[in-house]
2 protein chains.
Amino acid sequence: MPNHTPRPGSPVRGSKTGKPIMALFDLLGRSWALGIIWQLSQQPMTFRHLQESCESVSPSVLNRRIKELRESGLLERGDAGYQLSDTGQELFQLLAPLGNWSTHWAGLQVENTTEPTSNNT
Amino acid sequence: MPNHTPRPGSPVRGSKTGKPIMALFDLLGRSWALGIIWQLSQQPMTFRHLQESCESVSPSVLNRRIKELRESGLLERGDAGYQLSDTGQELFQLLAPLGNWSTHWAGLQVENTTEPTSNNT
DNA sequence: GAAATTGCTATCATTTGTGTAGCAATAGCG
DNA sequence: CGCTATTGCTACACAAATGATAGCAATTTC
C-alpha cells in the first residue's frame with residue numbers, strides 16, 4: 001500500500017520535511033483533487049454524479065481521492081452525498097479566486113498561442 | 001510524446017472541455033508544480049538551486065515542470081536564473097494565503113490524529 | 001588547460017492514473 | 001416476493017507520470 005494521504009508533519013511524495021504547505025501541495029497536486037473540491041463547492045453530490053461532473057474520472061482514482069480528502073478532513077459524507085467539510089469550505093474560499101484568474105490567464109495564453117502560420121482561430 | 005502542457009481551451013489530462021480552471025488545475029496538479037512556484041516566489045534561482053530547494057526533485061521532472069510553466073507563461077529565465085513572470089506572480093498572490101492556512105489545517109490534523117479512545121488519563 | 005558549476009538528457013524501475021467490467025447493497029415497483 | 005435500476009465501489013490490464021541515478025556539453029574560474 002504505497003499510497004497514503006499526505007499529512008502535515010509526515011513525509012509525503014517526495015517531501016521529507018512534511019512542512020504543512022508541502023503536504024497540502026502534495027494532497028492537492030494529485031489528479032482531480034482540485035477538481036473534486038471545485039465541483040463539490042457547488043453542491044453535495046453522489047459518487048456517480050461527482051464522477052460525471054469530473055468528466056468521467058475513473059472510479060478507482062475518484063475513490064482514492066475521496067478517501068484522501070476525507071482523511072484530510074476536507075470532505076465528508078452527508079445526506080445528499082459527498083460534500084465539503086467546514087475545513088474544505090475554508091480551503092475553497094482561498095481557491096475560489098483562481099476561477100476568475102484562470103480565465104484572465106486563458107486570455108493571455110490565447111495571445112501567445114495565435115499561430116503566425118496557418119491556423120484559423 | 002504524450003506529455004504536454006495543459007492550456008486553457010485545449011483538452012488536458014482527463015479534461016476534454018479545456019475549461020480554463022480545469023487546465024489550470026491540471027497544470028498545478030502535477031508533482032512539484034505548486035512547490036516550484038512557491039520556491040520561486042521567494043527569489044530567482046538556478047536550475048540546481050531550485051532542485052535542491054525542492055528537496056532534490058529529479059532533474060527530469062524539474063525540467064518538465066519548468067518547460068510547462070514557461071509555456072504557460074508563469075515563469076521565465078532572468079539574469080539570476082529562473083523566476084516567476086508577472087503572470088506567475090499574480091498567481092502566487094492568489095496562492096500565498098495557502099501558506100498560513102496550511103498551518104491552521106495542520107493544527108486540525110494533529111487534533112484528529114490524537115487517539116480518541118485514550119482520553120481517560 | 002584542468003577543475004568546477006550549470007543546465008540539461010538518457011535510461012529504467014516504480015508509482016499513479018485510465019478504461020472497462022462487474023459485483024454487492026439498497027431502493028422502488030407490481 | 002421477484003424484477004429492475006441505481007449507487008458505491010473493487011478488480012483488473014494497460015498507459016502515463018514520476019523517481020533515481022548517471023553522465024555529458026557548455027560555460028565559468030582559476
Can you tell me how far [atom2] of [N] sits from [atom1] of [X], to the nearest Å?
| X | N | atom1 | atom2 | result |
| --- | --- | --- | --- | --- |
| B:D26 | D:dA16 | CG | C1' | 12 Å |
| A:R65 | C:dG17 | CZ | C1' | 8 Å |
| B:I36 | D:dT18 | CD1 | P | 11 Å |
| A:W32 | C:dT16 | CH2 | C1' | 15 Å |
| B:L34 | D:dT18 | CG | P | 12 Å |
| A:E68 | C:dT15 | CD | C1' | 13 Å |

Would you check if there is a donor-acceptor pair between the side chains of A:H104 and B:E90 at a distance under 3.5 Å? yes
Pairing donors with acceptors under 3.5 angstrom, does anything connect the side chains of B:T5 and B:E68? no
List the atom of B:S31, the atom of B:R65, and the distance in Å for their closest heavy-atom pair. O-NH1, 3.1 Å
B:W105 and A:L27 have their tightest heavy-atom pair at CZ2-CD2, 3.9 Å
Tell me whether the side-chain N/O atoms of B:S58 come closer than 4.0 Å to OP1 or OP2 in D:dT18. no
Is A:R64 near enough to C:dT16 that one of its side-chain N or O atoms lies under 4.0 angstrom from OP1 or OP2? no
B/S/- contact track for nucleotides 5-10 of chain D, protein heavy atom under 4.0 Å: --BBBB
Side chain to side chain contact (heavy atoms under 4.5 Å, CB included) with B:R77: which residues, sequence neighbours excluded? B:R70, B:Y82
All N/O donor-acceptor pairs, side-chain side in residues 42-53 of chain A, below 3.5 Å, sequence neighbours left out:
unit_1 : atom_1 : unit_2 : atom_2 : d
A:T46  : OG1    : A:H49  : N      : 3.1
A:Q51  : NE2    : A:V57  : O      : 3.1
A:S53  : OG     : A:L50  : O      : 3.0

